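This is a predicted model, so every value here is computed, not measured.
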Amino acid sequence: MDLGAVAPEMVLAGTALALVPVAGWVRGRWRRLPAAIALLALLVAMGLTAPMLTSTPREAFCGTYAVDPFRGFYQLVVEAGALVSLLSLASHFRASEQEPHHPVALLMATAGGMGLVAATDLGLIILFLQMVSFPSYLLVLLVRSDGPAQEAALKYFLYGAAALAVMAYGLTFLFGLTGSLNLRAIGAGLAGADRAWVALAFGLVVVGYGFEMALVPFHVWAPDVFQGGAAPVSGFVSVVPKVAAFAGLLRFLLEAMPSGLSAWPTVLSLVAAATMTFGNLLALRQDSLKRLLAYSSMAQAGYMLMAVAVAGQVPGALPAVGYYLLAYLLMNLAAFTVIAQVERVIGDDGFAAVRGLGRRAPWPGAALALALLSLAGVPPLAGFAGKVFLLVAAIEGGLAWLAVVAAANMAVALFYYAAVIAEMYFKEPERPEGLAPGAGYAWALGLCTAGTLGFGIAPGLARGLAQLGSTLLR
């Protein structure tokens, strides 16, 4: 029983379980207690995870769980996303009925995402996918009386249940073909298997990961969920499950599908092209900021999938994906934090809600503008360096055509990001209100903006961490 291998997950899951009765009991000012305890638990978990960045890869629990730098890096990214989301949620639901409850669901979803990063067993993969999904459904439905939130949670649940059931069916094919649940044993056993069955199994498994990453055609839930949930919840859903799914997919491909079995590089490159194109074109038509960011997050996933498609043959692909996921976390959560402040005061997320924001709230307006410019890939912000790394990886992997498609999509995306910035700075404000105050908002926005600027000006630091995290158990 190598309990040290799961110490960070045990801290978060144990804290979440301990907070269940506390969340139902606290009243008045004590409602802040669960969020404070959850914040402390996340900091402790990050401290326990960090040493894995330099650890020697090894197995735990009879080969079902990996302890390697790959796990350490992506778990730190998941924990960072949860920490920033918690800060924003704490301010957003201050003095409300939901204030003591959101930390429980957030910690459980985070623990599930961390497990998905490390799992090397088919049964655990399904377990942790469910563990990251179900608390996310609860977060979307935090405000139970909210009609749009009810509709969003129902759609999220139905699509998620169907996608994960299809994925579980695909995993049974892999077990039937090899007689093993272990990813590395499956990779060795598939060498002599019928290619048609391998391709079928791979296609079914991608459905589950594609749902979490909002890839085309498994994206249908995303716009309604992003719009129906509270803005900090949408930010969490846009980042933590996506990071965990990308890491889980990378481990699955590199350990269970080596040497391009079932032609997965070609399949993923086609899905990447479709996802980024579809996401950007539909984002052009949106007048809701949360729906716009939903389609934007699809396009960002398409960009990252370029490097995933060549991860088995290009040494720089894994660091490129890791760097961009970290940059995406920072710029996306910054955008959702400002939208949360607007939403709490005005109760709307339309373009009119941010009209004149640069004058009404100069600092949050500047932070939102920087986040959108970084998402668009404007230098010297983190998104620009990340896009360069992804394009270079695609070109080195022989996917120059996909790099051209991505570059064209990045040019299209600049239009709708610039449209929001124009509303903020070049139009007269229709409302006199400022933004909702809160220390949690300020900390979340400050951390994300500093990271977006810092990693853009000096990308070597984050890329160095991602380089450490490119070593995984094979």
Side-chain angles (χ1 to χ4, degrees), residues 81 84 88 222-223 226-227 231-232 234-235 238-239 242 276 279-304 324-343 348-388 390 406 409-427 429 435 441 444-457:
V84 173
S88 185
F226 279 45
Q227 188 174 28
S234 301
S238 75
V239 168
K242 191 185 293 286
M276 65 178 75
N280 281 321
L281 291 179
L282 283 186
L284 292 171
R285 303 173 52 190
Q286 304 307 314
D287 55 9
S288 158
L289 291 172
K290 289 195 287 187
R291 288 186 77 89
L292 182 147
L293 287 177
Y295 287 112
S296 162
S297 74
M298 288 169 53
Q300 304 294 329
Y303 302 148
M304 288 182 273
Y324 200 82
L325 279 170
L326 180 55
Y328 168 77
L329 179 154
L330 295 169
M331 50 200 183
N332 220 49
L333 288 182
F336 272 109
T337 299
V338 178
I339 293 172
Q341 293 180 274
V342 173
E343 184 180 65
D348 185 31
D349 69 319
F351 278 28
V354 297
R355 191 164 294 159
L357 187 64
R359 275 169 273 182
R360 288 160 42 207
W363 290 112
L368 178 56
L370 284 174
L372 295 175
L373 290 172
S374 185
L375 285 165
V378 174
L381 303 173
F384 170 74
K387 286 179 170 62
V388 170
L390 294 176
N409 271 280
M410 292 170 192
V412 171
L414 183 59
F415 179 83
Y416 60 79
Y417 293 127
V420 179
I421 296 172
E423 290 281 348
M424 294 164 52
Y425 286 98
F426 300 117
K427 293 192 177 180
L435 298 186
Y441 288 139
L445 204 53
L447 290 171
C448 289
T449 303
T452 301
L453 286 168
F455 292 150
I457 296 169

Participant: For the backbone of Ala371 and the side chain of Ser374, can you confirm whether one donor and one acceptor N or O come within less than 3.5 Å of each other?
Facilitator: no

Participant: When rounded to the nearest 0.5 angstrom, what is the spacing between CD1 in Ile421 and CG in Leu357?
Facilitator: 11.5 Å

Participant: Would you please test Phe336 and Ser238 for side chain to side chain contact (heavy atoms under 4.5 Å, CB included) and show each step?
Facilitator: CA-CA 10 Å; Phe336 272 109; Ser238 75; 3.8 Å; yes

Participant: Please check this pair: side chain of Arg360 against backbone of Gly365, looking for a donor-acceptor N/O pair closer than 3.5 Å.
Facilitator: no

Participant: Shortest non-hydrogen contact from Tyr295 to Gly279?
Facilitator: CB-O, 3.3 Å

Participant: Can you tell me how far the CG atom of Leu282 sits from the CZ atom of Arg291, to the nearest 0.5 Å?
Facilitator: 9.5 Å

Participant: Find out whether Leu445 and Gln341 are in side-chain contact, i.e. whether some heavy atom of one side chain is under 4.5 Å from a heavy atom of the other.
Facilitator: yes

Participant: Would you please test Met410 and Tyr303 for side chain to side chain contact (heavy atoms under 4.5 Å, CB included) and show each step?
Facilitator: CA-CA 9 Å; Met410 292 170 192; Tyr303 302 148; 3.8 Å; yes

Participant: Search all heavy atoms of Pro364 against all heavy atoms of Val338 and return the closest pair with its distance.
Facilitator: O-CG2, 3.6 Å

Participant: Please confirm whether the backbone N or O of Cys448 pairs with a side-chain atom of Thr452, one donor and one acceptor, at under 3.5 Å?
Facilitator: yes

Participant: Between Tyr416 and Ser296, does a side chain to side chain contact (heavy atoms under 4.5 Å, CB included) hold up when you go through it step by step?
Facilitator: CA-CA 9 Å; Tyr416 60 79; Ser296 162; 4.1 Å; yes

Participant: If you measure from OH on Tyr441 to OG1 on Thr337, what distance do you get to the nearest 0.5 Å?
Facilitator: 8.5 Å

Participant: Looking at OH of Tyr328 and NZ of Lys242, how far apart are the two atoms once the value is rounded to the nearest 0.5 Å?
Facilitator: 4.5 Å

Participant: If we check side-chain contact (heavy atoms from CB on, under 4.5 Å) with Leu414, which of these qualifies: Asn280, Leu372, Asn409, Val378?
Facilitator: Val378

Participant: If every non-hydrogen atom of Tyr425 is compared with every non-hydrogen atom of Ala369, which pair is closest and at what distance?
Facilitator: CE1-CB, 4.0 Å

Participant: Quick one: pull up CD in Gln227 and CG in Leu289 and give me the separation to the nearest 0.5 Å.
Facilitator: 10.0 Å

Participant: Check Thr449 against Ala367 and note the closest heavy-atom contact, atom names and distance.
Facilitator: OG1-CB, 3.6 Å

Participant: Rounded to the nearest 0.5 Å, how far apart are CG of Leu330 and CG of Leu447?
Facilitator: 9.0 Å

Participant: Would you sort out whether Tyr417 and Leu373 count as a side chain to side chain contact (heavy atoms under 4.5 Å, CB included), showing the intermediate values?
Facilitator: CA-CA 7 Å; Tyr417 293 127; Leu373 290 172; over 6 Å; no

Participant: Can you name the closest pair of heavy atoms from Ala340 and Ser88 and give their distance?
Facilitator: CB-OG, 4.4 Å

Participant: Using atom types as modelled, flag every donor-acceptor pair under 3.5 Å from a side chain in residues 379-388 to any protein atom, sequence neighbours excluded.
Facilitator:
{"from": "Lys387", "atom 1": "NZ", "to": "Tyr324", "atom 2": "OH", "distance (Å)": "2.5"}
{"from": "Lys387", "atom 1": "NZ", "to": "Leu375", "atom 2": "O", "distance (Å)": "2.7"}

